[in-house]
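Please read the structure below before turning to the comments.
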Amino acid sequence: MSAGAIRLDTEHILRPVRRGDGVALARAYVANREHLAPWEPTRSEAFFTVAAQEQHARLCVEDADAGRSLRFVIESDDGEIRGRMNINNIVRGAFWSADLGYWVDATRLRRGLASRAVAQLIEYSRTQLRLHRLQAATLLHNLGSQRVLIGNGFERIGMAPKYLRIAGEWQDHLLFQRLLEEPLSSRREGP
């Protein structure tokens with residue numbers, strides 16, 4: 001993957017996950033453990049270790065090299081990871097689509113970081129990956145994430161019952177898409 005660092009604001013960059021990120025990733029996940037718990041799968045204690053996060057970083061690099069997924073971090077100028085942005089499950093063939101996922105550090109919410117990073121990933125997906133479509137899913141009550149998606153031109157396309165196992169339970173999700181080659185339809189639904 002040839003993506004470099006992209007400046008998001010005066011304090012943060014968006015850059016690909018790289019080998020050696022395990023220490024900073026572990027710190028970020030430990031610091032945000034309670035903040036992320038309602039929005040993510042149940043995590044084992046091992047997940048929060050440097051060893052597990054370094055192994056994950058290596059897998060991220062391998063997946064990027066193979067064109068399967070591209071995973072990024074939002075990094076502050078002090079070298080700390082303040083969020084994650086992921087383009088997962090890249091499928092070519094007749095689909096040319098991928099899944100978008102993200103989170104932002106609890107101390108960095110409501111600063112527009114997620115919105116700016118999503119905008120950058122839309123452009124990267126369009127121009128570098130040449131994808132036709134990005135899709136994303138949010139829990140029904142995740143209004144903040146829905147605002148980020150809608151603000152970046154995603155359209156709500158439906159609801160998937162018991163879509164993902166989040167916080168230990170199969171939970172319903174709203175589905176969104178952004179067509180990257182065509183204008184959005186006039187039908188837009190809010191959260």
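These values consider heavy atoms only, across backbone and side chains, with no hydrogens, waters or symmetry-generated copies. Numbers for residues simply follow the sequence, beginning at 1.
Residues A167 and A37 share a closest heavy-atom pair of CB-O, 3.6 Å. Closest approach of D77 and T10 over heavy atoms only: OD2-O, 3.0 Å. The nearest pair of heavy atoms linking A137 to L175 is CB-CD2, 3.8 Å. Counting all heavy atoms, side chain and backbone alike, A57 lies closest to L25 at CB-CD1, 4.3 Å. Heavy atoms only, all atoms of each residue included: A106 and N32 are closest at N-OD1, 2.7 Å. Listed here is the closest heavy atom pair of A24 and G79: CB-O, 4.3 Å.
In this structure, CG on D65 lies 9.5 Å from CG on L70, to the nearest 0.5 angstrom. The line from CD1 of I74 to CD of Q120 is 11.0 Å long, rounded to the nearest 0.5 Å. Note that CG of L36 is 11.0 Å distant from CD1 of I166, once rounded to the nearest 0.5 Å. From R126, atom CZ reaches atom CG of L131 across 10.5 Å, with rounding to the nearest 0.5 Å. Atom CD of Q177 and atom CD1 of I157 lie 4.5 Å apart (nearest 0.5 Å). For the atom pair CD1 of I150 and CD of E155, the computed distance is 10.0 Å after rounding to the nearest 0.5 Å.
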Which atom pairs, donor and acceptor, lie under 3.5 Å between side-chain atoms of residues 90-100 and protein residues at least two apart or in another chain?
unit_1	atom_1	unit_2	atom_2	d
R92	NH1	L129	O	2.6
R92	NH2	L129	O	3.3
W96	NE1	G93	O	2.6
S97	OG	R133	O	3.3
S97	OG	R133	NH1	3.2
D99	OD1	Q135	NE2	2.4
D99	OD2	N89	ND2	2.7

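With hydrogens and angles disregarded, a donor-acceptor distance shorter than 3.5 Å links the side chain of Y102 to the backbone of S145. A donor-acceptor pair under 3.5 Å links the side-chain atoms of Q146 to the main chain of L139, judged by distance alone.
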Stepwise salt bridge (Lys or Arg N to Asp or Glu O under 4.0 Å) check, E80 with R108: CA-CA 12 Å; E80 294 299 319; R108 300 299 201 267; over 6 Å; no
Yes or no on salt bridge (Lys or Arg N to Asp or Glu O under 4.0 Å) for D21 and R71, after CA distance, side-chain angles and deciding distance? CA-CA 12 Å; D21 277 341; R71 294 167 183 132; over 6 Å; no
Applying salt bridge (Lys or Arg N to Asp or Glu O under 4.0 Å), run through R27 and D105 and close with a yes or a no. CA-CA 11 Å; R27 270 196 309 268; D105 186 288; over 6 Å; no
List the steps and the verdict of side chain to side chain contact (heavy atoms under 4.5 Å, CB included) for L121 and L14. CA-CA 9 Å; L121 290 187; L14 179 69; 4.0 Å; yes
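Linking Ile, Leu, Val, Met, Phe, Trp and Tyr residues whenever their side-chain heavy atoms come within less than 4.5 Å leaves L59 and V23 in two separate clusters. Cluster membership check: F72 does not share its hydrophobic cluster with V61, using side-chain heavy-atom separations under 4.5 Å among Ile, Leu, Val, Met, Phe, Trp and Tyr. L113 and I13 sit in two unconnected hydrophobic clusters of ILVMFWY residues. Membership requires side-chain heavy atoms under 4.5 Å apart, directly or through other members.
Atom CZ of R33 has more than 12 heavy atoms from other residues, nucleotides or ligands within 6.0 Å.
Put simply, the side chain of R111 reaches to within 4.5 Å of the side chain of H12, judged on heavy atoms. Inter-residue side-chain proximity for R15 and V73 is flagged as met; some heavy-atom pair is nearer than 4.5 Å.
For the salt bridge (Lys or Arg N to Asp or Glu O under 4.0 Å) condition, the pairs that include at least one residue of residues 113-122, sequence neighbours left out, are D9-R116. Applying the side-chain hydrogen bond (donor to acceptor under 3.5 Å, both in side chains) test to pairs two or more places apart or on separate chains, those with a residue in residues 53-62 are H56-R84. The salt bridge (Lys or Arg N to Asp or Glu O under 4.0 Å) pairs that include a residue from residues 157-172 number zero, where partners must be two or more places apart or lie in different chains.
A search for ring pair (Phe, Tyr, Trp, His ring centres under 6.0 Å) contacts involving H35 returns nothing, not counting sequence neighbours. For Y29, the ring pair (Phe, Tyr, Trp, His ring centres under 6.0 Å) partners at least two apart in sequence or on another chain are F47, W103.
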